[in-house]
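Pasting in a structure now, in structure tokens, and then I'll have a few things to ask.
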Number of protein chains: 2
Amino acid sequence: MPSKTDRAGERPGAGCPIRGVLDRIGDQWSLLTLEALETEKKRFNELLREIGDISKQMLSKTLRHLEQDGYIRRTVYPEVPPRVEYELTELGRSFLIPMKALVGWAEQNHSEIIRSRLRHETE
Amino acid sequence: MPSKTDRAGERPGAGCPIRGVLDRIGDQWSLLTLEALETEKKRFNELLREIGDISKQMLSKTLRHLEQDGYIRRTVYPEVPPRVEYELTELGRSFLIPMKALVGWAEQNHSEIIRSRLRHETE
DNA sequence: CAGCATCCACATAGATACTG
DNA sequence: CAGTATCTATGTGGATGCTG
């Protein structure tokens, strides 16, 4: 059965690297997490509090994915109590540039989209 | 229970219009569908064939969402057999501009991300 | 503190069959 | 042709408790 990941490397132009890359960061939490790390490195529970409605589990998963893909770096300090810090890599920073443009577009056009939704709701 | 849509209008700056907008087009098919419509208007079964691994049901849902949000326009020609054409709106076109930048980033950094994934796999 | 394992509820996608 | 309805399988997220 063909699924998301199967297409990786299949067609050059169209829907192929895009899925592999964007499906990962297009999930519920990745973008929020990256943005939380934009200004400075942070610890696990800091991120947990800051993002607010994310669960420990999902934050954990998200961070590991982001680390796997190379967007963030995870540093463990061998102390007691343990301290782990997350920070953006260069790849992560470079990703945020086009992503921010998209976010800007979303902010600008948000109200128009909401209006469009309401229009189609009442019709 | 708080979910995606609950946050619409909650916080101004951070994760709010972004979710409302990007969650919709961040799904499996919306982007692919928009890109399929980039060059020219197309009919339902045309899109079905072109996207390839999408089901009729998902294409139908995706198209309706995109129409609701104002990215595409749906035109029904009262003929037999029925003909329905989908095309991008101005909003849809303007969205593709920052989105394309992101896609470009994904294409450029795809291989590095894949390498990063493999590295973390074998470790 | 950081984070994994387990369990559970719900959302989502595919397949299929049917309609105008 | 252009969908919609139903049914089901799988995935995904939340809550919680446990560990180093």
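Residue numbers begin at 1 in each chain, while the letters A, B, ... track the order of the sequences. What you see below is based on every heavy atom in this structure, not just the backbone, and it leaves out hydrogens, waters and symmetry mates.
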Task: Distance in angstrom units between Met58(A) CE and dA5(C) C1', rounded - done: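 Interatomic distance, CE of Met58(A) to C1' of dA5(C): 15 Å.
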Open item on the list: Within a 6.0 Å radius of atom CD on Glu90(A), are there more than 12 heavy atoms belonging to other residues, nucleotides or ligands?
Closed with: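 Check fails, neighbour count at 12 or below.
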Open item on the list: For the backbone of Leu47(B) and the side chain of Glu50(B), can you confirm whether one donor and one acceptor N or O come within less than 3.5 Å of each other?
Closed with: no
Open item on the list: Without decimals, in angstroms, what is the distance between Ile54(A) CD1 and dG13(D) C1'?
Closed with: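 Those two atoms, CD1 and C1', are 10 Å apart.
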Open item on the list: Nearest whole Å is fine: how far is dA11(C) P from Asp23(B) CG?
Closed with: 15 Å
- [ ] Return the value, rounded to whole Å, for the distance between atom CG of Asp27(A) and atom P of dT12(D).
- [x] 10 Å
TODO: For Ser30(B) and Asp27(B), indicate whether the former's side chain and the latter's backbone hold a donor-acceptor pair under 3.5 Å.
DONE: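 No.
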Task: Check: Leu59(A) main-chain N/O paired with Thr33(A) side-chain donor or acceptor under 3.5 Å - done: no
Open item on the list: For a quick test of reading the model: is some side-chain N or O of Ser60(A) closer than 4.0 Å to OP1 or OP2 of dG3(C)?
Closed with: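 So the side-chain polar atoms of Ser60(A) never come under 4.0 Å of the phosphate oxygens OP1 or OP2 of dG3(C).
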TODO: Compare the minimum distances between each of dA17(C), dA2(C), dG14(C) and the side chain of Arg43(A), then state the nucleotide with the smallest one.
DONE: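 Taking heavy atoms from C-beta onward, the closest nucleotide is dA2(C).
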- [ ] Round to the nearest Å and state the distance from Lys61(B) atom NZ to dG3(D) atom C1'.
- [x] 14 Å
TODO: Within residues 73-84 of chain B, find the residues that approach DNA chain D with a heavy atom at under 4.0 Å, and present them sorted by residue number.
DONE: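 Within residues 73-84 of chain B, the residues near DNA chain D are Arg74(B), Pro81(B), Pro82(B), Arg83(B), Val84(B).
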Task: Whether Thr62(B) side chain and Met58(B) backbone form a donor-acceptor pair below 3.5 Å - done: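 At least one qualifying donor-acceptor pair exists.
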- [ ] Kindly point out which of dG14(C), dA2(D), dG3(C) is positioned nearest to the side chain of Tyr86(A)?
- [x]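 My answer, after comparing the listed nucleotides, is dG3(C).
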- [ ] Grab the CG-C1' distance between Leu48(B) and dC1(D) for me, whole Å please.
- [x]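 So the CG-C1' distance, Leu48(B) to dC1(D), works out to 11 Å.
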Task: Nucleotide of dG14(C), dG17(D), dG14(D) approaching Gln57(B) most closely (side-chain heavy atoms) - done: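 That would be dG14(C).
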- [ ] Rounded to the nearest angstrom, tell me the gap between atom CG in Leu47(A) and atom P in dA2(C).
- [x] 9 Å
TODO: Can you check whether any acceptor in the base of dG17(D) is under 3.5 Å from a donor in the side chain of Lys56(A), or vice versa?
DONE: yes
TODO: Figure out the NE2/C1' separation between His65(A) and dG13(D), and round it to whole Å.
DONE: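 Atom NE2 in His65(A) sits about 14 Å away from atom C1' in dG13(D).
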TODO: Answer yes or no: is there a side-chain heavy-atom contact under 4.5 Å between Met99(B) and Glu35(B)?
DONE: no
- [ ] Verify whether one side chain among Arg64(B) and Ser60(B) offers a donor that lies under 3.5 Å from an acceptor in the other.
- [x] yes
- [ ] Please tell me which of the listed nucleotides, dG14(D), dG3(C), dG3(D), lies nearest to the side chain of Trp29(A)?
- [x] dG14(D)
